[in-house]
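In what follows, every heavy atom counts, from backbone to side chain, and hydrogens, waters and symmetry copies are set aside.
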Amino acid sequence: MELTPALRSAFKDLLGPKGAIENADEIQPYVQDWRGNYKGHSPLLLKPASTEEVSEVLKLCSANKLAVTPQSGNTGLVNGGVAYGELVLSTQRMDKIRSIDVHNNSMDVDAGCILQSVHTAASDANRFFPLHLGSQGSARIGGLISTNAGGVAVLRYGMMRDLLLGLEVVLADGRIWNGLNGLRKDNTGYDLKHLFCGAEGTLGVITGASLKLFPVPKTATAWLVVETVEKAVELLSHVRNEVGDAVTGFEFMPKTAVELTAKEIETARDPLPHEAEWRILLEVSLPSEDQARASLESAVEKAFEADLILDGTIAQSVAQSDDFWTVRESIPMVKRTYMTSVNHDVSVPVSKVSEFLKRSGKKLQEMLPGTEAIAFGHLGDGNIHYSIAEYADSENARVRKQASEITEIVHAITTELGGSISAEHGIGLLKRDELPLHKSAVEMELMRTVKSALDPQNIMNPGRILKTS
């Protein structure tokens with residue numbers, strides 16, 4: 001239905017001048033992704049300040065069949081939060097920490113809370129929220145839930161879905177479901193919160209969340225050099241045998257990416273230059289610093305004896321540990337800034353990572369000789385950020401001209417190895433048309449059934465994840 005002058009006025013009356021914005025210059029930042037790859041358009045930006053206002057907005061949208069694109073921090077990577085004619089519904093004004101229950105180890109927050117603010121509030125209460133990622137200074141909780149975000153601590157704490165105790169959601173027709181009970185055990189039927197986690201705003205608008213907190217861990221961090229990915233996988237098994245679930249992070253990076261980062265990023269340096277091909281960033285967390293360091297030192301020493309490690313260093317301070325992480329977290333920025341690349345977010349069983357890299361690398365070099373494969377990420381859970389890059393401007397780069405063929409090869413090998421074409425970034429519009437090639441007909445039909453039941457008019461982020469028209 002058309003957004004008539006009367007409807008524009010109705011939204012303004014409902015939300016006030018700060019909540020209903022028509023000015024194109026003010027809308028512009030909300031209709032393009034943060035990397036500048038996708039540019040959309042919207043006639044109206046809605047910024048409700050409460051769950052009740054979201055409810056009234058969706059009642060009005062439902063009654064008039066107006067499509068809505070929910071948006072949180074707009075840090076997504078799969079073109080899932082950019083509007084293409086829909087109204088933009090931003091939760092940025094809903095940014096309060098509602099409550100913290102230290103005895104229940106839980107925190108209730110608005111969906112618009114920035115992740116870094118959640119970390120700070122948890123720390124102030126002598127608690128820890130384990131989701132950490134590069135965009136934590138701008139990513140917001142609602143979007144992180146809607147994409148089931150992962151981050152660097154999935155190995156121990158799980159993805160966003162594992163960190164949820166409850167949700168508050170406004171449905172497409174404006175009804176409010178308050179599931180913020182903070183319970184860890186509730187066996188009374190369907191676990192509804194999992195429907196909305198990872199749904200990318202296609203089933204409703206998340207307005208609040210009850211998050212799991214943990215005692216503050218003490219960490220020890222090592223930067224290690226290994227010869228091959230096979231050795232890295234063996235090292236992971238070895239460390240887990242030694243310290244169990246205390247392994248918080250196990251990141252892998254190629255030498256070339258580390259060197260490029262150290263060259264181009266002023267705050268980054270290569271902690272341990274070496275000719276070997278791979279680097280591992282290993283982090284162990286235990287209740288005390290002495291325990292964490294002793295466990296890490298013992299595991300690393302035994303790994304040396306088993307010829308799993310060629311060289312290594314253990315951080316002597318929090319600042320040095322932060323320096324290690326700066327290198328890891330800067331790799332995507334360097335790759336985007338100095339090379340033209342086609343990027344993938346895939347996962348395979350940890351035991352198949354080496355096979356994936358060999359098979360995909362061989363095929364892509366045959367197709368595009370001279371390009372560079374940059375593989376890095378969360379080896380501990382099999383999540384590989386895999387890019388094919390070259391030093392060329394975007395207009396002339398072979399990788400851009402043959403992007404679809406590159407992706408077809410990468411995703412086909414991923415699927416053959418029992419993996420996923422989206423490990424943590426979601427589907428959005430970017431991977432929507434490809435999804436049926438990697439999901440069974442039954443899975444696709446079940447998803448369509450859920451979508452139809454909760455959003456029969458198809459006004460919630462239409463066309464994302466599922467092709468609906």
> Sorted by first residue and then second, give each side chain to side chain donor-acceptor pair (under 3.5 Å) pair with at least one member in residues 147-159; sequence neighbours left out.
none
> Quick check: does any side chain N or O of Asp110 sit under 3.5 Å from a backbone N or O of Lys96, one acting as donor and the other as acceptor?
yes
> Please tell me if the side chains of Gln32 and Val82 come closer than 4.5 Å, counting only heavy atoms from C-beta onward.
no
> Would you name the heavy atoms of Lys212 and Leu164 that are closest together and state the gap between them?
CE-O, 4.1 Å
> Under a 4.5 Å cut-off applied to non-hydrogen side-chain atoms, are Asn461 and Pro70 in contact?
yes
> Salt-bridged, Lys47 to Glu26, with N to O below 4.0 Å?
no
> Do Val68 and Glu86 have side chains that approach each other closer than 4.5 Å (heavy atoms only, starting at C-beta)?
no
> Within this structure, what is the CG-CE distance for the pair Asn383 and Met159, rounded to the nearest 0.5 Å?
7.5 Å
> Where does the angle between the aromatic ring planes of His425 and His385 fall among parallel (under 30°), tilted (30 to 60°) and perpendicular (over 60°)?
parallel
> Let me see the working for Glu168 and Arg98 under salt bridge (charged side-chain N to carboxylate O under 4.0 Å, His left out), right down to the final yes or no.
CA-CA 12 Å; Glu168 178 185 79; Arg98 299 187 185 183; 2.9 Å; yes
> Would you check if there is a donor-acceptor pair between the side chains of Glu53 and Ser50 at a distance under 3.5 Å?
no
> Report yes or no: does Asp101 contribute a side-chain atom to a donor-acceptor pair with the main-chain N or O of Asn104 at less than 3.5 Å?
yes
> For Gly428, is there any backbone N or O sitting under 3.5 Å from a side-chain donor or acceptor partner on Glu200?
yes
> Is it true that Glu251 and Arg328 have a side-chain N and a carboxylate O under 4.0 angstrom from each other?
yes
> Could you tell me if Tyr386 and Ser360 have a donor-acceptor pair between their side chains, going purely by distance under 3.5 Å?
yes
> Can you check side chain to side chain contact (heavy atoms under 4.5 Å, CB included) on Leu115 and Leu133, steps first, answer last?
CA-CA 9 Å; Leu115 178 56; Leu133 35 74; 3.9 Å; yes
> CD1/Ile427 to NE2/His438 distance, rounded to the nearest 0.5 angstrom?
9.0 Å
> Have Ser387 and Ser341 got a donor and an acceptor in their side chains that come within less than 3.5 Å?
no
> Say whether, by atom type as modelled, one donor and one acceptor occur between the side chain of Gln291 and the main chain of Ser288 under 3.5 angstrom.
yes
> Indicate yes or no for a side-chain donor-acceptor contact from Ser62 to the backbone of Leu58 under 3.5 Å, with no hydrogens or angles considered.
no
> For Ser99, which residues count as a side chain to side chain contact (heavy atoms under 4.5 Å, CB included) partner, sequence neighbours excluded?
Asp108
> Tell me whether the count of non-hydrogen atoms from other residues, nucleotides or ligands lying under 6.0 Å of CD in Glu405 goes above 12.
yes
> How long is the gap from CD1 on Ile97 to SG on Cys113, to the nearest 0.5 Å?
4.0 Å
> Which is it for Val350 and Val233 under the side chain to side chain contact (heavy atoms under 4.5 Å, CB included) test, yes or no, and what are the steps along the way?
CA-CA 7 Å; Val350 174; Val233 171; 4.1 Å; yes
> Is there a side-chain contact between Phe376 and Val258 in this structure, where contact means two heavy atoms from C-beta onward sitting under 4.5 Å apart?
no
> Which heavy-atom pair separates Ile141 from Ser72 by the least distance, and what is that distance?
N-OG, 4.4 Å
> State whether the side chain of Ser55 and the backbone N or O of Thr51 hold a donor-acceptor pair below 3.5 Å, judged by distance alone.
no
> Please name the pair of heavy atoms, one in Ile331 and one in Met253, separated by the smallest distance, quoted to 0.1 Å.
CD1-CG, 3.5 Å
> Is a side-chain N or O of Asp381 found less than 3.5 angstrom from the main chain of Val154, in a donor-acceptor match?
no
> Crowded around Gln320 CD? As in, over 12 foreign heavy atoms under 6.0 Å?
yes
> Working to the nearest 0.5 angstrom, can you tell me the gap between Thr449 OG1 and Leu454 CG?
11.0 Å
> Can you tell me how far the CZ atom of Arg448 sits from the NZ atom of Lys467, to the nearest 0.5 Å?
10.5 Å
> Would you please classify the geometry between the His41 ring and the Tyr84 ring as parallel, tilted or perpendicular, with 30° and 60° separating the classes?
perpendicular
> Quick one: does Trp177's side chain have a donor or acceptor within less than 3.5 Å of a partner on Val169's backbone?
no
> Under a 3.5 Å cutoff, is there a donor and acceptor pairing between the side chains of Gln71 and Ser90?
no
> Is the backbone of Ala315 close enough, under 3.5 Å, to the side chain of Arg293 for a donor and an acceptor to pair up by distance?
yes
> Should Met460 and Val205 count as side-chain neighbours, where that means a heavy-atom distance under 4.5 Å?
yes
> Report the C-alpha separation of Asp33 and Asn79 in whole Å, then their side-chain angles, then the decisive distance to 0.1 Å, and conclude whether the side chain to side chain contact (heavy atoms under 4.5 Å, CB included) test is met.
CA-CA 7 Å; Asp33 77 310; Asn79 197 13; over 6 Å; no
> Taking the side chain as C-beta and beyond, is there a heavy-atom pair between Val57 and Phe11 under 4.5 Å?
yes
> Taking all non-hydrogen atoms of both residues into account, name the closest pair between Cys61 and Leu87 and its distance.
SG-CD1, 4.0 Å
> Take atom CG of Asp245 as the centre, draw a 6.0 Å sphere, and report whether it contains more than 12 heavy atoms from other residues, nucleotides or ligands.
no
> If you take all heavy atoms of Val399 and Ile406, which pair is closest and at what distance?
O-CD1, 3.6 Å
> Leu60 vs Leu66, test: side chain to side chain contact (heavy atoms under 4.5 Å, CB included). Steps then yes/no.
CA-CA 8 Å; Leu60 195 53; Leu66 293 172; 5.8 Å; no
> Any chance CZ of Arg8 has more than 12 other-residue heavy atoms, nucleotides or ligands included, within less than 6.0 Å?
yes
> Nearest 0.5 Å, what's the CG-CD1 distance between Leu379 and Ile384?
8.0 Å
> Looking at every non-hydrogen atom in both residues, tell me the closest pair between Leu15 and Ala20 and how far apart they are.
CB-N, 4.2 Å
> Is there side-chain contact between Asn181 and Ser210, with heavy atoms separated by less than 4.5 Å?
no
> Without swapping roles, check the side chain of Lys65 against the backbone of Gln457 for a donor-acceptor pair under 3.5 Å.
no
> For Phe324 and Trp223, take the angle between the two ring planes, folded into 0 to 90°, and tell me which bin it lands in: parallel under 30, tilted 30 to 60, perpendicular over 60.
tilted
> Between Lys39 and Val31, is any pair of side-chain heavy atoms under 4.5 Å apart?
no
